[in-house]
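Have a look at the structure below, then the notes.
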Amino acid sequence: MAQQAVTPQSVDFSKWYNEIVYKADLCDQSPVRGCLIIKPYGYELWEAIKGGLDRRFKATGHQNAYFPLFIPESFLKREAEHVEGFSPELAVVTIAGGKELEEPLVVRPTSETIIMDSFKNWIQSYRDLPLLINQWANVVRWELRTRPFLRTTEFLWQEGHTAHATAEEAEAETMQMLEVYADFAVNDAAIPVIRGRKTDREKFAGAMHTYTIEAMMRDKKALQSGTSHNLGQNFAKAFDIKFLDQNNESQYPWTTSWGLSTRMVGAIVMTHGDDKGLRLPPKVAPIQVVIVPIFKTDDERSVVMETVDRLSKELSNAAIRVHVDRREGQSPGFKFNDWEMRGVPVRMEIGPKDVQNGSAALARRDMPGKEGKQFVPQAGIVAAVQDLLVDIQANLLKQAETLREENIHDVKRYDELKDVIEKGGWARGWWAGTGDDEGRIKEETGATIRCIPFAQPGGKGACLLTGKESAQVVLFAKAY
RNA sequence: CGGGGCGUAGCGCAGUCUGGUAGCGCGCUUCGUUCGGGUCGAAGAGGUCGUGGGUUCAAAUCCCGCCGCCCCGACCA
């Protein structure tokens with residue numbers, strides 16, 4: 001159960017994060033190095049994320065399927081860049097059933113290869129395209145340094161895999177799914193994101209292009225929150241997937257893949273959380289309204305609970321996720337703090353005075369103390385709560401947008417970039433450097449190019465590092 | 001993989017230097033009290049001191065090995 005104070009963000013953000021994920025009851029430490037136990041409250045948050053995404057995937061014509069956890073080692077090796085990118089972090093099964101396996105099995109770090117192997121069988125004709133598949137799964141990447149939700153050895157995600165008849169269609173799919181992620185992030189998770197393309201240095205192993213949504217956490221570091229890859233014909237060729245087009249000519253299809261993981265839970269925590277705990281956007285909050293009953297005597301208890309039960313039912317009938325805190329050992333004050341730690345957007349207090357006055361106290365998590373507390377009539381409680389939830393959702397997004405706008409700075413020269421990065425912020429500037437130049441900047445400042453934003457100012461400018469004329473601006477930031 | 005730190009009750013720690021029958025705070029259980037912003041009190045439960053060996057009359061404590069975890073650096077959703 002949540003308890004006591006947490007290290008303030010201003011003192012040590014990293015420590016704040018590490019404490020809060022446990023205190024808010026999202027997760028537990030695992031006996032296995034680098035792995036994470038996701039507790040019911042944290043898993044409900046993930047389920048809300050899943051729900052929001054899955055609905056959007058279906059709406060854009062995708063179907064869910066499931067492929068094996070184990071992948072023959074040889075599959076990984078078929079695409080040169082892919083195997084090079086992943087081999088350092090693979091877990092490999094060499095013994096099973098008490099015997100050494102003839103061919104080792106890799107625990108999937110991602111499923112392109114095993115899915116392409118199926119696509120080879122499923123795709124014969126242009127009539128089989130586009131093929132639009134998604135899977136919800138766990139994957140394993142043997143990470144050296146891990147953090148709850150942000151980077152763990154095993155994590156949950158979805159991975160979409162599609163195949164198309166033309167390069168244009170594949171590119172459109174890649175962009176569409178990035179837009180789906182952005183729409184979810186902004187409208188459900190209340191996380192403003194910047195859409196853009198990764199540089200070659202940062203792109204997915206085996207991809208032609210990688211697109212990303214980048215979000216700013218409250219410590220001003222960047223978090224890649226979802227990615228979408230245009231794989232070109234790389235995997236189709238490596239797996240010999242071919243189809244006959246309308247002219248009866250054999251063609252390689254164009255494939256894409258896109259993923260979003262439990263890292264999104266960390267993104268929500270770090271985008272909205274404050275020193276009192278989580279602040280969950282209503283659309284993804286497992287509990288949207290918690291009711292804390294207040295009474296002294298048994299007589300008071302029975303009338304208070306009667307009102308509590310009635311209001312609770314009204315709210316849940318209106319599809320509001322409501323929870324009544326019936327615990328008896330704890331004082332109301334304790335419960336207030338406890339639910340604030342868990343980030344419940346709205347707290348309703350019902351006491352003897354409310355029973356008498358036909359009122360209810362509503363406190364909103366996004367505004368501290370008295371400022372966020374109001375008394376409303378019990379009649380019309382559903383509408384009042386609904387309005388409040390909408391307002392909180394919008395306010396969290398606005399606060400995150402404000403923070404981000406205040407901390408993105410345009411820079412013209414390298415020393416300006418260094419200054420911005422050192423103070424904590426994102427640096428945006430013209431760029432014509434090479435991959436090696438990026439590497440040098442990372443070494444010297446810790447910052448990397450997060451993306452080449454789709455939203456470009458237009459025109460041309462002098463590269464902040466080389467001075468060469470460039471037509472694109474990029475975003476530099478320290479990242480998780 | 002390199003550098004540093006730590007393994008003692010569910011959690012956080014003291015005890016280790018100087019060997020002598022294991023302690024504190026929080027949490028937990030029961031009872032009472034309190035209840036509109038983290039109530040208070042009483043009585044309880046709970047530990048192979050990470051692990052294997054060695055020294056000793058006696059080891060959480062000294063010696064050797066092993067395992068695990070955390071932090072800091074190079075790689076990553």
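Chain naming here is simple, since letters A, B, ... match the order of the sequence lines and numbering starts at 1 in each. Owing to the predicted nature of the structure, the values given are computational and were not obtained by experimental measurement.
One can place CZ of A/Arg327 at 14 Å from C1' of B/G27, the figure rounded to the nearest angstrom. The CD atom of A/Glu19 sits 12 Å away from the C1' atom of B/C11 (whole-angstrom rounding). The distance between atom CD of A/Glu143 and atom P of B/C69, rounded to the nearest whole Å, is 15 Å. The CG atom of A/Asp325 sits 14 Å away from the C1' atom of B/G37 (whole-angstrom rounding). The distance between atom CG of A/Leu150 and atom C1' of B/A77, rounded to the nearest whole Å, is 10 Å. When the P atom of B/G38 is taken as reference, atom CG of A/Asn337 falls 8 Å away, rounded to whole Å. For A/Asp298 and B/G32, the CG to C1' distance is 14 Å, given to the nearest whole Å. As a whole-Å value, the separation of A/Phe149 CZ from B/A77 P is 19 Å.
In the set B/A74, B/G37, B/A77, the nucleotide with an atom closest to the side chain of A/Thr152 is B/A77. Distances from the side chain of A/Ile294 to the nucleotides B/G73, B/C35, B/G37 place B/C35 closest. With B/G37, B/A77, B/C35 as the choices, the nucleotide that has an atom nearest any side-chain atom of A/Arg263 turns out to be B/A77. Proximity note for A/Leu144 (side chain, C-beta onward) versus B/G38, B/A77, B/A74: the nearest is B/A74. Of the candidate nucleotides B/G38, B/C35, B/C28, B/C35 has the atom nearest to the side chain of A/Lys296.
Between A/Arg364 and A/Asp391, at least one side-chain N (NZ, or NE/NH1/NH2) sits under 4.0 Å from a carboxylate O, which counts as a salt bridge. Salt bridge A/Asp25/A/Lys39: present, at least one basic N to carboxylate O contact under 4.0 Å.
Geometrically, A/Arg141 engages A/Trp157 in a cation-pi contact, judged by NZ or CZ lying under 6.0 Å from the ring centre and within 45° of the ring axis. For A/Arg342 and A/Tyr41, the positive end sits near the middle of the six-membered ring, less than 6.0 Å away and at most 45° from its axis. Cation-pi geometry between A/Lys418 and A/Tyr414 is satisfied (NZ or CZ under 6.0 Å from the ring centre, within 45° of the ring normal).
As rounded to the nearest Å, B/G37 and B/C26 have P atoms that lie 23 Å from one another. Separation of the C1' atoms belonging to B/A42 and B/C63 is 47 Å when rounded to the nearest angstrom. Distance check on atom P: B/A59 versus B/G52 gives 14 Å, rounded to whole Å. Comparing B/G50 with B/A9, their C1' atoms are spaced 15 Å from each other, to the whole Å. Between B/U8 and B/G12, the distance separating the two C1' atoms is 12 Å to the nearest Å. Taking atom C1' on both B/A60 and B/U56, the two are 16 Å apart, rounded to the nearest angstrom. Rounded to the nearest Å, the gap between the P atom of B/U21 and that of B/A58 is 15 Å. With P as the reference atom, B/C17 and B/C75 are 44 Å apart, rounded to whole Å.
Two residues, A/Tyr480 and A/Lys373, neighbour RNA chain B, and the one matched to the more 5' nucleotide by heavy-atom proximity is A/Lys373. The 5' end of RNA chain B is approached more closely, in terms of each residue's nearest nucleotide, by A/Ser14 than by the other of A/Ser14 and A/Trp157.
One cannot find a donor-acceptor pair under 3.5 Å joining the base of B/G38 and the side-chain atoms of A/Asp338. A donor-acceptor contact under 3.5 Å is not formed by the side chain of A/Arg347 with the base of B/G36.
Base pairing of B/U29: its partner is B/A43, meeting the Watson-Crick or G-U wobble criterion (both donor-acceptor distances under 3.5 Å). The pairing partner recorded for B/C35 is none, the criterion being a Watson-Crick or G-U wobble arrangement whose two distances lie under 3.5 angstrom. Across all strands shown, B/U61 forms no Watson-Crick or G-U wobble pair with both distances under 3.5 Å. Pairing of B/C67, defined by two Watson-Crick or G-U wobble distances under 3.5 Å, is identified with B/G7. If you check B/G73 for Watson-Crick or wobble pairing at under 3.5 angstrom, you find it paired to B/C1. Figure legend. B/C24 is base-paired to B/G12; pairs are counted as Watson-Crick or G-U wobble with both atom distances under 3.5 Å.
Across all strands shown, A/Arg301 has no heavy atoms under 4.0 Å from either base or sugar-phosphate atoms. Note on A/Lys353: a base of the nucleic acid sits closer than 4.0 angstrom, heavy atoms only. Using a 4.0 Å heavy-atom cutoff across all strands shown, A/Phe204 reaches no nucleic acid atom at all. Nucleic acid contact for A/Glu349: base, since at least one base atom lies under 4.0 Å from a heavy atom of the residue. A/Glu340 comes within contact range of at least one nucleobase, with a heavy-atom separation under 4.0 Å. When heavy atoms are screened at a 4.0 angstrom cut-off, A/Gly351 is found touching base atoms of the nucleic acid.
In summary, the side chains of A/Gln176 and A/Glu173 do present a donor paired with an acceptor at a separation below 3.5 Å, with no hydrogens or angles considered.
In this structure, A/Phe155 forms an aromatic stack with the base of B/A77, since both conditions hold: centre separation below 5.5 Å and plane angle below 30°.
Under 4.0 angstrom from either OP1 or OP2 of B/C75 there lies at least one side-chain N or O belonging to A/Lys442. Contact annotation: A/Arg33 reaches the phosphate of B/C69 (side-chain N/O to OP1 or OP2, under 4.0 Å). The side chain of A/Arg141 places no N or O atom within less than 4.0 Å of a non-bridging phosphate oxygen (OP1 or OP2) of B/A77.
Around atom CD of A/Glu422, no more than 12 heavy atoms belonging to other residues, nucleotides or ligands sit under 6.0 Å away.
In this structure, the side chains of A/Arg440 and A/Leu465 come closer than 4.5 Å at one or more pairs of heavy atoms.
Ring planes of A/Phe204 and A/His229: parallel class, angle under 30° (limits at 30 and 60°).
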